[in-house]
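Notes follow once the structure below has been shown.
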Amino acid sequence: MKRYDHKAVEKKWQAAWERQGLYTTPDDAKGKRENFYLLTEFPYPSGNLHVGHWYAFSVPDIFARYMRMHGKNVLYPIGFDAFGLPAENAAIKNKLNPREWTYGNIERMREQIRSMGASFDWSREVVTCDPEYYRWTQWLFLQFFNKGLAYRKMTPANWCPSCRTVLANEQVENGRCERCKTEVVQKEMLQWNLRITDYADRLHDDLEKLDWPEPIKEAQRAWIGRSEGAVLEFQIAGAGESKKSAAHAQKVAQTVEVFTTRPDTLFGATYLVLAPEHPFLESVRQKAEGTGNIENWEEVEKYITLARKKTELERQEGREKTGVELRGIRAVHPATGEEMPVWVADYVLAQYGTGAIMAVPAHDERDYAFAKKFNLPVRRVIEPVFYGDTGEGAVRPGLPFVKREAICAVVRNPKDDTYLCNVWKGIEMRGLLTGGLDGGEDKVQAALREIREETGYTDVRLVSDPGWIINTFFYHRQKKENRWARFHILFFELESEEKEAVSEEEEAKYEFVWKRMDELRDFYTVYEGAFVATLLENPDYVFTGNGILGNSGTFDEMNSEEAKRVITERYGRPQKTYRLRDWLVSRQRYWGVPIPVIHCHECGMVPVPEELLPVVLPPVEEYLPDGEGKSPLAKVKEWYAVPCPECDGPAERETDTLDTFVDSSWYFLRYTDPKNEKEFAARKRQEKWMPVDLYSGGAEHTTMHLLYSRFWHKALFDLGLVGESEPYARRMNRSLIMGPDGQKMSKSRGNVVDPDEVVERLGADTVRMYLAFIGPYNEVSTYPWNPDGVVGVRRFLERVWKHGQEVVRRGQESVPELEGVLHKTIKKVGEDIAAQKFNTAISQLMIFLNATEKAGTVGTPQWRTFLKLLAPFAPHMAEELWQALGADGSVHLESWPAFEERYMRDERVTLAVQINGKVRAEIELDTDAPQEKAERAAREAVAERLEGKRVLRTIVVQNRLVNFVTED
RNA sequence: GCCGGAGUGGCGGAAUGGCAGACGCGCGCGACUCAAAAUCGCGUCUCGCAAGAGGUGAGGGUUCGAGUCCCUCCUCCGGCACCA
């Protein structure tokens, strides 16, 4: 018998497929029903393929092959994301040329990727550092530039001192460079940006219609961070009144705009806070130099300088609030006209909203912490609301609410540190002592009276009135009316336990008990009880929810939602704000796409004319940037010194290069028309394939590549260059393959699995299939590489091989007893591949093989079918065994087999017989046997156990079980 | 802190509300062998000699029946986080 020599088999078929051009994908294929675009993120040519690449490329290849067998014309392309820092760093370290390093790596990786036997169409390969590719990256960039979507601006940028370049926001993780983990510093620099923020709304809203996993959408929404609120305007008093010069006064801003998502809390604003970078301060500074009308300017300036020097990381450290008041000026409350202090503090971020806030310490935890530290006033203006069943009953719709002022007395007994609790007799209601206000009474009088009447305690002292009011809406059963009770919470203490008699009427209604603070939360059943428990547990509790307005002048009794609308309208305007910032795309590095813009002393920024594209990277002596914020290209005078395309005067090329995420924002479009010399991709070609049907890739790209390319595509759509506003119809994130120890593979840990070595030893089919078997591909998780597990898959393939040889040696008719499993296998494998559950598909293939082994034989037609099912997983072996049977074409050109419905059900089925849900016996019946028959057989099977018991109910689930429910 | 996702044997994992642990790994026993490897066969959730009982992160609930549905909590992973 021929031994399974994976090397010979794999080499043979890889060469044959290549020769036949089996995977060269036409834009239209005769006989194929539809085009299908399966995309997987193209690799960076690091020089070596790792297991992750295998997982990324060879497993989706199963799906590609499956779709082809279903008559789809599948585009499964590959290329290289070839610009980027590692090439330069390697070049600097080893005195190489980044171009040579990169192309050498690509050469090696092509061979490694070919060894997978993946069905990539190499004729469409795309390499982003080819001038023929980046020519179009430049061209597209210029379309953005002409539309005003690409702009250059002086902004604070994230500077990585180690990489010596600026980074986009997305490339900073916890204040560190995503690449080298160096702490990023803020540097004011002139940089190129793309207006991704213009697309924030659409990037957010269009997620809804995408067939993407919800967690990915959520992560993008969080990154975009849209919040809806209002911009409110505050007049500044004192700032404009110049003592010396009226002319100066004009320069000083008279108002400050704040952004808030809670305009309903306007009356709770007790001070204003500006970010240290707020432009108002700059105008004040100019003013202050002349007049000194900020009394403590020196102190303020010192604070600003200090804050600006801090890194993001330092600002966040400890989160201890710092700040300085601007003495000499006041903000005027737009509604009350009251004057309030203005502060500068770095807990307010310059880049978000308007860089200024109205502080509402009563309803914002950060403002509260600040106010507490600096002793600023706290004014409570939102009263919590509890709707629904308080124990009395849920509100009846349609009935008007009868409003009542009431008190809620929290009485503490200092002797044993317990609190008075009220149990309503006869109903399941436990809470605090409450009661209504009688006419003419104030709330303290009312509370003292209620305490005396209900409990008899007479020697009670008011400790504090925290000003909390909570609104409870409920149905009053006795009065048969909807109630709106406004409970004023008051804190009392017993001076002594002196008591007087309580009326019988009260006695019948209530019972009073004393509970420790830690028992309250579980004890109370009413809303106000839980709320009071919260207040007692946390004296610094800040209520940040919506509610009903109080202390808010004419807005009192309005609810938050309505008040937001009305106050926004009256004192400001609605405003949406985003966390997302514009995409900073310029890099001070060599190995990237040169930004195709020329700076002319006369004409300003001039785009490089189309016919002069591409602007090719020149050779340089030194790849390491000087670290002063200039790219190495700035040293190549013969390259950057050019005549202005417009006036022919002296001009200079832009010397920054583009972020590599720009290159990867459109590579999938180039795959549709990779050789086009006239366009980045002809619209007609695009339309054959776009949008991408399924995009498989790594989770790390959720808020980087995936967001960038969505934006890029939308911009192209608006420019009329593509036909759809979303590039990827469906997206799937891939899991991570870990080392055998379950840890992330790393050289330092010594747990790196080298796929080349495993392929050499066990073969590509084994590696592919093992990776597909390791866990579901449609879920994101981490899977450890198990060296024994790979061997297990190899064992399976060897058994397949053995049977294959056997079938070749003596073919035979189909074996009837195998038909059932075979057809079930066709169904299961097909469905599981479609759902990307390759692991269970493989397990079903194993089940079939186990069955043939048990049967001791298999029919040739049955075996052929099995080989078709195996083909996507182990393409080489399937092809070898297929052609050994004398087939005249590739198994990969076969159609996916169809299963016959009649084999889906067996003749006989085993049912479980349960008594009260516990399995007591098993019975075998004809499939779909009638209920009565099943019940009879079941009853017989457990007759002994049922003896003397009354069967209350019998549940029969067809073909599954019979359950007898008996007494006790 | 907020928003997602997940917790099932020794391990990877499987289970339309219907016999938990498919398939694979590992392990144990056996066959073959002088022996070992490879291969093949049988076994393998826990306790128990057995009958049986228990078991899917913990605790409640719904149901004849819950890994699966609902509530509370715990742990791990991912995202966001002084974003007003």
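Being a predicted model, the structure only gives us computed values, none of them experimental. Proteins come first, then strands; the chains are lettered A, B, ... in the order of their sequence lines, and each starts at number 1. Every heavy atom of this structure was used, including side-chain atoms; hydrogens, water molecules and symmetry mates were not.
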C1' atoms of B:G26 and B:G1, separation to the nearest Å: 43 Å

Who pairs with B:C11 - Watson-Crick or G-U, where each distance is under 3.5 Å: B:G24

Polar contact flag, side-chain donor to acceptor under 3.5 angstrom, A:Thr703-A:Tyr708: no

For B:A38, the Watson-Crick or wobble counterpart (both distances under 3.5 Å): none

Glycosidic class, syn or anti, of B:G60 using a 90° window around 0: anti

Sugar-phosphate, base or nothing in reach of A:Arg794, heavy atoms under 4.0 Å: nothing

Any side-chain donor near an acceptor of the partner, A:His705 and A:Glu41, under 3.5 Å: no

Contact under 4.0 Å: A:Lys918 side-chain N or O vs B:G54 OP1/OP2: yes

Inter-nucleotide C1' distance (B:G9, B:C47), Å rounded: 15 Å

Residue mapping more 5' on RNA chain B - nearest nucleotide basis, A:Arg226 or A:Glu173: A:Glu173

Residues A:Thr197 and A:Tyr578: side-chain donor-acceptor under 3.5 angstrom: no

Any-strand Watson-Crick or G-U partner of B:A6, both distances under 3.5 Å: B:U75

Any A:Arg221 side-chain N or O less than 4.0 Å from OP1/OP2 of B:C2: no

5′-ward residue of the pair A:Glu218/A:Met358 relative to RNA chain B: A:Glu218

Short side-chain donor-acceptor distance under 3.5 Å, A:Gln844 and A:Thr825: yes

Under 4.0 angstrom between A:Tyr347 side-chain N/O and B:A84 OP1 or OP2: no

Parallel, tilted or perpendicular: rings of A:Phe848 and A:Phe866 (30°, 60°): parallel

Pairs under 3.5 Å (N/O, protein and nucleotides 13-19 of chain B):
unit_1 : atom_1 : unit_2   : atom_2 : d
B:G13  : O3'    : A:Asn839 : ND2    : 3.4
B:A14  : OP1    : A:Asn839 : ND2    : 3.1
B:C19  : O2     : A:Glu922 : OE2    : 3.0
B:C19  : N3     : A:Glu922 : OE2    : 2.9
B:C19  : N4     : A:Thr910 : O      : 3.4

Geometric class of the A:His278/A:Phe280 ring pair [parallel <30°, tilted 30-60°, perpendicular >60°]: perpendicular

Parallel, tilted or perpendicular: rings of A:Tyr4 and A:His6 (30°, 60°): perpendicular

Could you list, one pair per line, each protein nitrogen or oxygen that sits under 3.5 Å from a nitrogen or oxygen of nucleotides 66-73 of chain B, together with the distance?
none

G-U wobble or Watson-Crick pairing nucleotide for B:G52 (cut-off 3.5 Å, both distances): B:C47

A:Arg176-A:Asn158 side chain donor-acceptor pair, cut-off 3.5 Å: no

Report all interatomic pairs (protein N or O, nucleotide N or O of nucleotides 25-29 of chain B) with separations under 3.5 Å.
unit_1 : atom_1 : unit_2   : atom_2 : d
B:C25  : OP1    : A:Arg795 : NE     : 3.2
B:C25  : OP1    : A:Arg795 : NH2    : 2.8
B:C25  : O2'    : A:Asn786 : ND2    : 3.4
B:G26  : OP2    : A:Arg795 : NH2    : 3.2

Test: A:Glu228 and A:Arg565 ion pair at under 4.0 Å: no

Under 4.0 angstrom between A:Arg953 side-chain N/O and B:C64 OP1 or OP2: yes

Counterpart base for B:G1, defined by Watson-Crick or G-U wobble contacts under 3.5 Å: B:C80

Touch class at under 4.0 angstrom, heavy-atom based, for A:Arg799 against every strand present: sugar-phosphate

